[in-house]
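The structure appears below as structure tokens.
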Amino acid sequence: MAAKQLKFQEAMERLDEIVALLNNNELELEEAMSLFEEGLKLSAQCEKQLKKFETKMDQLMEVNQDVDE
């Protein structure tokens with residue numbers, strides 16, 4: 001079963017939580033590795049979402065430029 005896709009802001013908040021947890025030297029190695037893996041997945045998800053947003057913004061800017069001309 002695939003993990004639930006978080007909204008961008010939710011993913012960023014979770015990444016902040018993960019960083020804070022990883023900065024805690026009291027984590028077991030297995031837990032730290034699990035959090036690190038989750039962070040990598042969230043980071044990739046955010047990057048995809050940002051690329052989609054960038055593409056959409058480029059399209060809107062083109063439409064706006066065409067209207068202005």
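What you see below is based on every heavy atom in this structure, not just the backbone, and it leaves out hydrogens, waters and symmetry mates.
Closest of all the heavy-atom pairs between Leu42 and Ala11 is CD2-CB, 4.0 Å.
Evaluation of the side-chain hydrogen bond (donor to acceptor under 3.5 Å, both in side chains) test over residues 14-35, restricted to residues two or more places apart or in two chains, returns Arg14-Glu17, Arg14-Glu38.
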Candidate pair Lys56 and Gln59, rule side-chain contact (heavy atoms from CB on, under 4.5 Å), full reasoning: CA-CA 5 Å; Lys56 184 67 175 174; Gln59 292 169 348; 3.8 Å; yes
Lys52/Lys48 under side-chain contact (heavy atoms from CB on, under 4.5 Å): CA gap, chis, key distance, verdict: CA-CA 6 Å; Lys52 280 184 181 179; Lys48 283 173 112 176; 5.8 Å; no
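Here CG of Leu40 is found 13.0 Å from CD of Gln45. Values are rounded to the nearest 0.5 Å.
Cluster membership check: Val19 does not share its hydrophobic cluster with Leu6, using side-chain heavy-atom separations under 4.5 Å among Ile, Leu, Val, Met, Phe, Trp and Tyr.
For the pair Ser43 (side chain) and Gly39 (backbone), a donor-acceptor distance under 3.5 Å is absent.
For the side-chain contact (heavy atoms from CB on, under 4.5 Å) test, residues two or more places apart in sequence or in another chain that qualify with Phe8 are Met12, Cys46, Gln49, Leu50.
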